[in-house]
Amino acid sequence: GNDYLQGLSKALAAEDAARKQLVLQAEQAQSAERLANENRQLRGLLELKPALKVKSVAAEVMYEAADPFSRKFYIDRGLAQGLVPSSPVITEGGVIGQVTRVYPLSSEVTLLTDRDAAIPLLNTRTQLRAAAFGGVAQGSALELRFVSANTDVKVGDVLHTSGVDGVYPPGLPVAKVTLVERQADGGFTRVELAPLAAVDRVRHVLVLEPLKNQLPPPPVPEPASAPKTGKKVKAAP
């Protein structure tokens with residue numbers, strides 16, 4: 001009986017140690033998976049950076065905004081790193097938003113799916129320009145507004161930045177058409193888009209310099225010449 005009780009005690013202790021080891025291995029596996037995802041994101045950003053012809057700054061997401069009705073987060077780069085408002089924010093998948101507020105050591109990023117966000121886009125298939133807005137009912141989608149009923153747009157069309165706004169460089173991938181609903185009683189078409197980048201699972205981003213900062217300054221108008229009075233001056237005798 002004594003041997004049985006000692007063996008049972010040892011078996012229970014071994015089971016408890018095995019359970020602790022299993023929990024530790026599960027935590028290590030989750031940490032390894034998280035590091036692997038971050039490594040993929042960083043590799044994608046490193047491969048993307050040489051292809052860009054604009055200045056860029058790598059940043060990490062610190063936390064999301066406290067407002068539940070907005071789609072914003074904060075990054076660990078600010079005025080000290082040269083960031084300015086309206087700077088485009090991208091990942092290896094495409095555009096996710098732009099910087100709306102800049103602080104000394106951090107910045108606020110407004111996502112494309114925010115209700116106050118808007119971005120001009122270009123349909124790569126038809127070369128048609130349109131404007132996409134956030135804040136649709138689904139919360140994680142975009143919407144093309146003021147699209148006429150006879151516009152050539154199809155599900156699966158890929159939209160890139162047009163570059164006409166002076167903020168986003170042209171040719172950056174943004175979204176894909178997921179819904180085209182033509183209204184028979186109206187002259188417009190409802191078009192919904194899905195962002196190509198995973199805006200809800202992003203950890204590392206690239207902040208680009210606004211396109212307008214690289215454009216040449218507008219020409220300065222020449223000063224107007226003094227108007228003529230039309231009076232004749234008599235020569236001195």
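- One N or O on the side chain of S70 and one on the backbone of D67 form a donor-acceptor pair closer than 3.5 Å.
- Considering OH of Y63 and CD1 of I75, their distance stands at 11.0 Å, rounded to 0.5 Å.
- Scanning both residues, P169 and T161, for their nearest heavy atoms gives O-OG1, 2.5 Å.
- Tracing side-chain contacts under 4.5 Å through hydrophobic residues (I, L, V, M, F, W, Y), one never reaches V95 starting from L122; they form parts of separate clusters.
- Side-chain contact between V158 and L196 is present, with heavy atoms from C-beta onward closer than 4.5 Å.
- Proximity of V153 to R182: side-chain heavy atoms (C-beta onward) are separated by under 4.5 Å at one or more points.
- Note on L179 and L159: separate hydrophobic clusters, where clusters join Ile, Leu, Val, Met, Phe, Trp and Tyr whose side-chain heavy atoms are under 4.5 Å apart, directly or indirectly.
- For the residue pair P210 and P85, the shortest heavy atom distance occurs at CG-O, 4.1 Å.
- Here the side chains of L112 and L142 are in contact, with some heavy-atom distance below 4.5 Å.
- Residues L121 and R129 fail the side-chain proximity criterion, which asks for heavy atoms closer than 4.5 Å.
- K154 and V180 get closest at one heavy-atom pair: C-CG2, 4.1 Å.
- Closest non-hydrogen pair, D152 versus N123, comes out as O-ND2, 4.3 Å.
- Ring-plane geometry between F146 and F133 is classed as perpendicular, the angle between the planes exceeding 60 degrees on a 0 to 90 degree scale with a lower cut at 30.
- A distance of 9.0 Å separates OG in S107 from CG in D76, rounded to the nearest 0.5 Å.
- Minimum interatomic distance between Q98 and V167 (heavy atoms only, all atoms of both residues): OE1-CG1, 4.2 Å.
- Between R71 and T113, some side-chain heavy-atom pair lies under the 4.5 Å cut-off.
- Put simply, the side chain of V191 reaches to within 4.5 Å of the side chain of V177, judged on heavy atoms.
- Rounding to the nearest 0.5 angstrom, the gap separating the NZ atom in K55 from the OG atom in S87 is 11.5 Å.
- With 3.5 Å as the limit, one finds no donor-acceptor pair spanning the side chains of T178 and E192.
- Ion pairing of K72 with E64 is absent here, as no side-chain N (NZ or NE/NH1/NH2) approaches a carboxylate O to less than 4.0 Å.
- The CZ atom of R203 sits 11.5 Å away from the CZ atom of F73 when rounded to the nearest 0.5 Å.
- Atoms CD1 and OH, from I119 and Y168 in turn, are 4.5 Å apart once rounded to the nearest 0.5 Å.
- In plain terms, the two heavy atoms of T91 and A197 that are nearest each other are OG1-CB, 3.4 Å.
- Transitive grouping of hydrophobic side chains (ILVMFWY, heavy atoms separated by less than 4.5 Å) keeps Y74 and V102 in distinct clusters.
- Note: the hydrophobic cluster containing L128 does not contain V174 (ILVMFWY, side chain heavy atoms under 4.5 Å, direct or indirect links).
- Side-chain heavy atoms closer than 4.5 Å link hydrophobic residues (I, L, V, M, F, W, Y) into clusters, and following such links, even through other members, never connects L105 to V207.
- Note that the OG1 atom of T100 and the CG atom of D116 stand 9.5 Å from one another [nearest 0.5 Å].
- By the 6.0 Å contact criterion, CZ on R145 is enclosed, its count of non-hydrogen atoms from other residues, nucleotides or ligands being greater than 12.
- Contact check for L193 versus L144: side-chain heavy atoms found under the 4.5 Å cut-off.
- With hydrogens and angles ignored, the 3.5 Å screen pairs no side-chain donor or acceptor of D114 with any backbone N or O of L111.
- Contact check on D165 versus K212 returns no salt bridge, with no Lys/Arg side-chain nitrogen under 4.0 Å from an Asp/Glu carboxylate oxygen.
- Between I90 and S56, the closest side-chain pair of non-hydrogen atoms is not below 4.5 Å.
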